[in-house]
There are 2 protein chains.
Amino acid sequence: MRSDDLRAENRHRLLSTLRADGPSSRTHLGEASGLSQAALSNLLGDMIEQGILTSSNNSKAGEVRRGRPQSTISLNPMAGQGIALSLVNDRCVIRATDYSGELIYTNELHLDTKAADQQSLLTTFTDQINLGLHENKALPLRAISVGFQGVTDPLQGQFLWSPVISMRKLPVAKTLEQNFNVPVAVNNDCLLIAKALHQIQSSVLTDNFSTILLSCGLGMGMYLSGEPFTGIKSSGLELGHIRYRPGGARCRCGKSGCIEAYASDYGLRRSACNTKDLHSPLGLVSRDQLSSLCRQARGGDKKALQAFSEAGQALGYGLSNVFSLFDPMPVALVGPDEQIFELMHDDIIESMSSSSREQLDFDQLIHTYENADNLLQQGLHFDAMENIDKQLAHLNSQMAV
Amino acid sequence: MRSDDLRAENRHRLLSTLRADGPSSRTHLGEASGLSQAALSNLLGDMIEQGILTSSNNSKAGEVRRGRPQSTISLNPMAGQGIALSLVNDRCVIRATDYSGELIYTNELHLDTKAADQQSLLTTFTDQINLGLHENKALPLRAISVGFQGVTDPLQGQFLWSPVISMRKLPVAKTLEQNFNVPVAVNNDCLLIAKALHQIQSSVLTDNFSTILLSCGLGMGMYLSGEPFTGIKSSGLELGHIRYRPGGARCRCGKSGCIEAYASDYGLRRSACNTKDLHSPLGLVSRDQLSSLCRQARGGDKKALQAFSEAGQALGYGLSNVFSLFDPMPVALVGPDEQIFELMHDDIIESMSSSSREQLDFDQLIHTYENADNLLQQGLHFDAMENIDKQLAHLNSQMAV
DNA sequence: CATTATTTTTTCATGGCGTGAAAAAATAGC
DNA sequence: GCTATTTTTTCACGCCATGAAAAAATAATG
């Protein structure tokens, strides 16, 4: 490690603090980083000159204080932009934020993902990103963060398998990096949701927690020791394919009796429709279909209620396995707009408490969130911004903005 | 981060390299650390002066080379000593190594752990350590590393639960730190074995792997992303108490049908002795009893063979759950001297392959080790030495040796 | 309206750190 | 004894963070 690495690391720390805490005074930055005022003056002055930060004389209306007023340091929006690309079901969403994290572009299109081949998908992505860049030519693109349902390979930047796409090994990062000449991160949607929750709910979901995403299938993400767990070979973890009822309902993965075969969009729908035939084909479930299923259950429909109950039990079983393997930890249940977990809450708790050694306070551990799409977007933006922070921290020579 | 932190980190990196690779030339240290020859000269010179390292003119017999001969840098044995204390079953082992990692003291005594109260245990530990220190007065004690069977709390340095001890919350670290005024680490035996394997078998068991320890109960340790996973609340992980056969054999934890109730010393013995009564009391199983069980199975005893088969299936079930949750990863099965896993190997594989999605090469993934005691000791020594490395790296002022 | 008190920010001299180039040291070959 | 070769140390340099002092910017005071 060399002297300039030291400087880069201190710069990075300052940027991260500003990203997490918002515009801050030098005093706050000093406390958070442990650096001296002199060092701050030096580092911040450099970064302001480089166009990474801005300094403003904030005069808070209410407060009148003696002495030289504090200046507020902020991330300079003009330092660049990051693009978030997500593909969930048939929706491809492209959004961009400036360096301060403000949304500056958003677009969305529907794709026939099942029919698309590798080349057409990659071309679509490229075109859509170009469309967004055209709207904000002044801001240099510095990072792209991509989120998919399914199994991704973050190291290779590949996309390995998804319920909505027919091909395998889609080299997203390689293609986009070539086309745009910026780093491209490819991650699983659950991990990105975990990143968003970690940032937002940092008081509750701190060092160790899991996220369970019920959308198209059943996904899982995890933070361990304060770090997002990016998996061993593929991204994140899989709760859905733990064996739950051997010989039971058929799962999309080919096996029978997986947790996902009960606790997922298609599992729920199948249970509710025809309780006899659990080996029926596993088509995609639209958001509307899931909504109407929730309405049926709330309306008292017996079969629907039974489906949610079974899903809750399966999910509780899976979580109790996780709690056995690890210690009990906070869990975020993330679903679509419908308050879907409300319908299984009691069954989840019951299934978990029947198989846990100690008495647990589940209200403290289980948190539900109903805005999966939003969280995914936030996670993507945060991931892209983090990447830009890292780049700019290591930029010790002058930069052109 | 300040300039002296930088120096400390570079010092630490050099010490770690020397610890892992043994006595090395400056050339090797330069390549491993990326530091310049000038920096090396400076850093190493300091540490030699401080008595942390030694430099020797090695003249390798075979090789005759032109030019100034390389000097070899080694860890100075006289820089201090670390103590390893372990309590497994009724055996309390105290060993000490000098700073180069050479064993300089070993002692062992049998304790009636079930009968001992908190105070007497702590006093025994203190006395035993003092005994060891008396033998090597010249070397200052710099770290103590403690390993226990059971559940530990590494952060608090507490010992929470063990099959062989009747009390809870034994504040080992606090007491020993007060008595000896050095840092004391308290860890689970499985994690320490994982540390030893990581160091020794670093080619196979690298960034992500699990260790399963079959001794008194069924323990588990894990490396994730190259770091030992020290658990969320307690140490490490628990494979043993995943529900395997609801309503099945009684487990020591109070529940029924845990994996451990089948795949452990007491599970094996119970299955082999009286297949009818799986709710029988769960006494401790001596090493001799386990040995004779292995002999019976090798001799063809049907009940014994059946017991090992069931244990293998249970273990395979647990591992397939882990492989589902994470991706497949290397697993080290660690047992006592007997080649115990040989007797369950086929059942483990069968149980795993029947429930894994992909075809796995289990010979590549599953490794067995038969020297649990040895590995634990190595892990303890390594842990203590690592701790000393960290201390000495941060010691920038002169030290008295 | 000028002066003083107070608070924030920058400047400056200093010591520490790693680097590259040059010098010194240590050995084999001739 | 001289030269070639390789390793190690020394030295001047630029960079980094620090503490103390100076400068800047405002409120209170008279």
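Lettering follows sequence order; numbering is per chain, from 1.
- Shown here are the side-chain hydrogen bond (donor to acceptor under 3.5 Å, both in side chains) partners of A:H12, two or more places apart in sequence or in another chain: A:S16.
- When the P atom of D:dT18 is taken as reference, atom CD of A:Q37 falls 11 Å away, rounded to whole Å.
- For the pair B:R142 and B:F180, the cation does not sit on the ring face, since its NZ or CZ is not both under 6.0 Å from the ring centre and inside 45° of the axis.
- As rounded to whole Å, 16 Å separates atom P of D:dG14 from atom CZ of A:R7.
- Using a 4.5 Å heavy-atom threshold, the side chains of A:S3 and B:L6 count as touching.
- Distance, A:M1 CE to C:dT19 C1': 16 Å, rounded to whole Å.
- Note on B:S41: a side-chain N or O is less than 4.0 Å away from OP1 or OP2 of D:dT9.
- Using a 4.0 Å heavy-atom criterion, one finds that A:N42 contacts no nucleic acid atom at all.
- Note on A:S71: a side-chain N or O is less than 4.0 Å away from OP1 or OP2 of C:dT9.
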> Reading nucleotides 22-28 of chain D 5' to 3', which nucleotides get B (base under 4.0 Å from a protein heavy atom), which S (sugar-phosphate only), which -?
Replying inline: --BBBBS

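- For B:F229, the ring pair (Phe, Tyr, Trp, His ring centres under 6.0 Å) criterion is met by A:F326, not counting sequence neighbours.
- The heavy-atom pair separating A:P154 from A:T230 by the smallest distance is CG-O, 4.1 Å.
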Show each protein N/O and nucleotides 19-21 of chain D N/O combination with a separation under 3.5 Å, one pair to a line.
none

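- Distance B:M47 CE to D:dT9 P: 13 Å, rounded to the nearest Å.
- When side chains are defined from C-beta on, A:V172 does not count as touching A:Q158, because their heavy atoms never get closer than 4.5 Å.
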>> If a pair means Watson-Crick or G-U wobble with both distances below 3.5 Å, what does DNA chain D look like in dot-bracket form, with | marking bases paired to a different strand?
In response: ||||||||||||||||||||||||||||||

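- In this structure, B:E177 has no salt bridge (charged side-chain N to carboxylate O under 4.0 Å, His left out) partners at least two apart in sequence or on a different chain.
- In terms of the side-chain hydrogen bond (donor to acceptor under 3.5 Å, both in side chains) criterion, A:N10 has no residue partners (sequence neighbours excluded).
- For A:Q70 and C:dT8, the shortest distance from a side-chain N or O to OP1 or OP2 is below 4.0 Å.
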>> One pair to check against salt bridge (charged side-chain N to carboxylate O under 4.0 Å, His left out): B:R13 and B:E9. What are the steps and the verdict?
In response: CA-CA 6 Å; B:R13 217 172 276 188; B:E9 199 171 308; 3.3 Å; yes

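- Rounded to a whole Å, the CG atom of A:L40 is 15 Å from the C1' atom of C:dT11.
- No option in A:L40, A:T17, A:T54, A:L53 other than A:L53 meets the side chain to side chain contact (heavy atoms under 4.5 Å, CB included) test with A:I73.
- Although no hydrogens or angles enter the test, the distance criterion places no donor-acceptor pair under 3.5 Å between the side chain of B:T106 and the main chain of B:I104.
- Scanning for salt bridge (charged side-chain N to carboxylate O under 4.0 Å, His left out) contacts around B:R95 gives an empty result, with sequence neighbours left out.
- Using a 4.0 Å cut-off on heavy atoms, none of the residues of residues 14-23 of chain B approach DNA chain D.
- Residues that satisfy the salt bridge (charged side-chain N to carboxylate O under 4.0 Å, His left out) test with A:R26, not counting sequence neighbours, are absent from this structure.
- Between B:E227 and B:M222, every side-chain heavy-atom pair lies at or beyond the 4.5 Å cut-off.
- Computed from coordinates, the A:R13 CZ to D:dA17 P distance equals 11 Å when rounded to whole Å.
- Inter-residue side-chain proximity for B:L85 and B:I129 is flagged as met; some heavy-atom pair is nearer than 4.5 Å.
- Scanning residues 24-34 of chain B for heavy-atom distances under 4.0 Å to DNA chain C yields an empty list.
- The CD1 atom of B:I73 sits 8 Å away from the P atom of D:dT9 (whole-angstrom rounding).
- Judged as a side-chain hydrogen bond (donor to acceptor under 3.5 Å, both in side chains), and not counting sequence neighbours, the contacts of A:D98 are A:S100.
- Rounded to whole angstrom, the span from the CD1 atom of B:I48 across to the P atom of D:dT8 amounts to 10 Å.
- Using a 4.5 Å cut-off on side-chain heavy atoms (C-beta onward), A:T97 and A:P77 make no contact.
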